[in-house]
Structures are given as structure tokens and as C-alpha cells.
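To start, the structure itself, in C-alpha cells.
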Amino acid sequence: TVQQETHGFQTEVKQMLHLMIHSLYSNKEIFLRELISNAADAADKLRFKGLSDGSLYENDAELTVKISVDKEAGTLTIADNGIGMSKEDAIAHLGTIAKSGTADFFSKLSGDQTKDSQLIGQFGVGFYSAFIVAEKVVVKSRAAGADKAEGVRWESAGEGEFTVSTIDKDTRGTEITLFLREDEKEFADDWRVRSIITKYSDHINIPVQMFKEEVPESDGPDGEKVPAVPGHWELVNKATALWTREKSDISDEEYTEFYKHVSHDFADPLKWSHNRVEGKTEYTSLLYIPAKAPFDMWNRDQAHGLKLYVQRVFIMDDAEQFMPTYLRFVKGLLDSNDLPLNVSREILQDNKITQSIRQGCTKRVLQMLEKMAKNEPENYQSFWSEFGNVIKEGPAEDFANKEKIAGLLRFSSTADESGKQSVSLEDYIGRMKEGQEKIFYVTADSYQAAKTSPHLEIFRKKGIEVLLMGERIDEWLMSHLSEFNEKQFQSIARADLDLSDLDDEESKKAKETAEKEVEGILERVKTALGDRVENVKFTHRLTDSPACIVADENGMTTQMAKLMASAGQ
Ligand code: ADP
Ligand code: MG
């Protein structure tokens, strides 16, 4: 007797299924891309494990994805001979969502279907997308190297639950059968399926095959016999790893589809850069900048990094060592000719080759951003609003590229009332007043607070631009930036601020008189405040407010002091 267990889906899976079925109807065919993508991942995982244990291949080393349709039954089946799943794997992977930050993500959904459907795309739909077109999905799988009796059968109608049972399965790998909904039978159509495969899966590093029925013997035009062609599995996609092909032969659509495969992102990428590096270290990199920040970019445990291949063999996902942290949003892959096939995360950690590749990749990304900033300012602005706060970590982390990174920064400023972070340091310097030596900025708890800072009064009066910084990270950023293009940064909240170079003779005289007039008041305020302040000084920087608090020349700014206090220091 077959023991059948029933399990409930994780709450988030239920939410996802519901949302997906109701919102992705305009783009249904992507389910096939997702399932082929999983099959290709499963092949990659087997190739990797096979490096150290050849027996996992079970004398069947030709990895393929075979797709078959049955029009009468209304089914579509995707079978691979990759790594496969055990029963426990199936319960865990096809019953939950394993991504970090999942619960957080789902708590953000608004209930508004149009908005949420965009979010769900960003989240990535994966295996569950099968239910967009199927009323029932049956998965049969067996892990590579496991006993034939240790197969698993998983079945679900995509509602609240799924069942699993143990089955015999002769062949290793996973076979997924979709029982198509009444109005989705087109996906049991041979040519329709072929066209979807070429559209989405050409670049996949594994042959995707469909069965070609036998063509019986026939009569040729001159009465001779044309021999029968027996039924056979026929290659449908190109099956060459995209990154190994010549750039000039690859279309934007192919790059875009490939991005979706490596990133598990649903949306198109913003930009990419594909490079073959030859010389001392040899590698190919294909680096993508996503259009949208992942919902968990600020989660410290969030997986990031590149997919690593060595001589075209997949080695690992999320190799973090090839990208600095401030570029952690970059997706893509790296194929090295120099690293050993048995390379581990530990080996990568402290390795000359890693370092040199990392430098190369960092340079590529910064160049790509520089180019975008110059030639496609609108795209760059959209990049900045998604990832600007991550880039701001750069100057502290990457000393060697500090100047380059500073050039990529964008700020709000008194010159742009919209509040958008759109001003580059170059723009600022170009607008500096005659006699102005420094780049002035103010940091505060929010853009609004920065914009209304009393420190700004004199600058507004003199028409001097000030950068307005209201993000938490800004104070940290400014503590690592001292100059740009030989112009020093100057917080306008510091005591040593001296704008007298910008004064004319008349206003200098007026100031001197004013200073004498208030001497008595200064003493009285000093006595009244006592230990609570370091000093009380006369200032010319205010025009409307009677007083303001400033930090001393060498000490922390008030904003930094707040930051430290909130970090418990
Ligand atoms: P993702 O591909 O982003 O991990 P999916 O929802 O597409 O998410 O798949 C979930 C998990 O199910 C995969 O990570 C994998 O562990 C497992 N899985 C799905 N399809 C296969 C397959 N064909 N062979 C082996 N494992 C699979
Ligand atoms: Mg997937």
C-alpha cells in the first residue's frame, strides 16, 4: 500500500498562488521558462556534485530536458535527469518559499491587485507559476545516487495543500506533469510549446528536446522511395551557454531572458556588461544591473553575489567574493579559467585570482554606471533612486575607487526645489560662486529637516548652493569623503565656517559694528547655559533665526552624535 501524506502549503505560498493566478494572466507562458530554468539549475547542481562523485551520473551522463505534450489528455510534461529531489526535498522546496525576508515581503502587499502583481513579479514566481495554467500538477522525482525505491510523487491542485508519497522511480531526476486548465489547452500544442522554448530558453546551457513523431516511408517526386524517419528526440533550443557566445551575436532579448534565468528576477534588467578578459587572469563576466531593488536589500542575511562557473562548469550561486558590498545589487555570472574546479568559499576568500577578478568586475560596474550617468541620465536617475543609498557605502569601503564613486553620487540641493537627489558633485562645482573654495553641505534627520535648517539662512541670502542630506547613511558617507576634484567638503553646521571671502567691503564693516554691539549678551548667555555648551559665539551666518547650535571644529557633527547615540555608543 502506498502511504500518502497530506501537507498544507506555507501561508505565503497560498498567498502567492492566489495572487499569481489572478494577476499574471497576461503573461502565462512564462511558467515554461521557470520550469526549464529549474531543470537547468538541477543539471548544474548534478554536474557540480558529479565532479567529486562520478557515480551520481548512474551511467547516464548526457543531461537533457525532455518536453512532451499530449493533446488528448491535455497535459504537458517536463522531464530532466538532473540532481532530483528526495521526499524531504520535495516537501521543503515545493511547499514553502525559502527566500530570506519572505514574510516581510508578503506583509507589504496592499491587497490592490495591480500593484501587488508587479511586486510578485519582482519577488519571482518560480515553480508555483505552473498553477497559472494547470489545475493539477504532479511531480515525480528521485535524487541522484538514491535507491530506485526512494522516489517521491508530489501532487497538488494549487489550493491549500499537496500530497506526497514514496514511489519507485527508475530514472534519476524530476518529471513534472501539468494537467492544463480547460482554457489553457494551447500549451499542449506541439508548435506552441516549441515557440515558447525558443523564445525563452535558447540560451540555457542544456539541450531542451521535444519528441518528433515517426515520419513513415513515402514516395518521392520521381517515384523513388523516401525512407521512413523513426521517432526521435529533437533539439529545440540552441543550448549554448550564452556568455560563451560572441557579443555581436547576442540580441538584447537574449541578454534579457538570460538575466531572468540567473537572477530569478521577473522584470527586465536596466543594463548589462559582458566581457571576456584575457591575459594574466582569464575569465568571462556578464554583469547586470537590475531595474528594481530587491525587497530585502537591507537584510544582512540576504543572499547576493555572482553565479560562479569554472571552465563552464557551474560551481556555486551567490559567490560574494567577486563584488564589493556596495555593489551587492549586481547580478550575473563569472566563468573563470584559472580557478580550480574544486574551489570552495574558503579558498575564494583569500585568493589572488579572486582579488584580481574582483577588481576587474568592480571597474566594469563603475564604468557601466559612469556611462549610463553620462549618456542616459533618466535611466541613471532611476538607478539612483533604487540603489543610491547602497552606492553611498562605497567611499568607506573602496578607497581605491573613492573618486570614481564620488563622481556617481547624486544629492538634493538648494538649487533643486523638487528635493530629488539629482545634483552631481560636478554640477555643484560648475555652479560655485567666484571666491567659493568649498563644497557646502548640511546633514539632518530628513530631507525636510535639512531643507529648513537655520544654518542655511546666510547661504540662501548669498545665493550659495548647499547640498541637502537627509538620509541616515549620509553622515557616514561624509565622514569618508573629504574632497572631490580638489575641492574640500564643508559642513555648514560647523563652527569654523567662514564665508568672509565672499563678502564685499561694506558688509565686512557692518559685521564688525554688529559684533561689538552684542558683546554683553554673549556673556549673559554663556553664564546662563554654563556647562551645557562648549562656547557661545557671535555669528554672521544667521539672517532670520536668533541662534543656532553648531558642532566644534574637530568634534562630531550633531547629526553624527545622534547616530552614535542611537547605535548605543
Ligand atoms: P528557485 O528556482 O528560485 O529556487 P523555484 O520555486 O523555481 O525557486 O524552485 C524551488 C526549489 O524547488 C528549487 O530551489 C529546487 O530546490 C527545487 N526544484 C524545483 N524544480 C526542480 C527540478 N527540476 N529538479 C530539482 N529540484 C527542483
Ligand atoms: Mg526557479
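Whatever order the structure lists them in is the order used to number ligands and atoms, beginning at 1. Values in this document were obtained by computation on a predicted structure and should not be read as measured data.
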Selected option - heavy-atom contact closest to atom 21 (C) of ligand 1, from Met85, His261, Met16, Glu175
Met85
May I ask you to list the atoms of ligand 1 that are less than 4.0 angstrom from any heavy atom of [X]?
{"X": "His264", "value": "1 (P), 2 (O), 3 (O)"}
{"X": "Gly126", "value": "5 (P), 6 (O), 7 (O)"}
{"X": "Leu94", "value": "12 (O)"}
{"X": "Phe127", "value": "5 (P), 6 (O), 7 (O)"}
{"X": "Ala42", "value": "24 (N), 25 (C)"}

Within reach of ligand 1, part of Asp80 (heavy-atom separation under 4.0 Å)
side chain
Applying a heavy-atom cut-off of 4.0 Å, say which part of Asp89 lies close to ligand 1: side chain, backbone, both or neither.
neither
Quick one: nearest non-hydrogen protein atom to [atom], plus distance?
{"atom": "atom 2 (O) of ligand 1", "answer": "Asn38 OD1, 3.0 Å"}
{"atom": "atom 17 (C) of ligand 1", "answer": "His93 CB, 3.8 Å"}
{"atom": "atom 14 (O) of ligand 1", "answer": "Lys45 NZ, 4.4 Å"}
{"atom": "atom 22 (C) of ligand 1", "answer": "Thr174 OG1, 3.7 Å"}

[X] NZ/CZ over [Y] ring centroid, <6.0 Å and within 45° of normal:
{"X": "Lys140", "Y": "Trp154", "answer": "no"}
{"X": "Arg33", "Y": "Phe266", "answer": "yes"}
{"X": "Lys331", "Y": "Tyr288", "answer": "no"}

Might you check, step by step, whether the distance between atom 8 (O) of ligand 1 and some protein heavy atom is under 4.0 Å?
no
Within 4.0 Å of atom 11 (C) of ligand 1 (strictly less), any protein heavy atom?
yes
So is Gly84 polar-close to ligand 1, meaning N/O to N/O under 3.5 Å?
no
If I apply the N/O under 3.5 Å rule, does Tyr128 come out as touching ligand 1?
no
So with a 6.0 Å cut-off around NZ of Lys404, is the heavy-atom count from everything else above 12?
no
Decide if atom CG of Asp350 counts as having more than 12 heavy atoms of other residues, nucleotides or ligands within a radius under 6.0 Å.
no
Any donor-acceptor pair under 3.5 Å from [X] side chain to [Y] backbone:
{"X": "Asp265", "Y": "Lys260", "result": "no"}
{"X": "Glu155", "Y": "Phe162", "result": "no"}
{"X": "Thr354", "Y": "Leu348", "result": "yes"}

Do Glu471 and Gln421 meet the criterion of a side-chain donor-acceptor pair at a distance under 3.5 Å?
yes
Report the residue from Tyr200, Phe187, Phe131 that forms a ring-ring contact (aromatic ring centres under 6.0 Å, His included) with Phe31.
Phe187
So does Glu58 pair up with Arg142, basic N to acidic O under 4.0 Å?
yes
With a cut-off of 2.8 Å, does Ser37 put an N/O/S atom close enough to the Mg ion (ligand 2)?
no
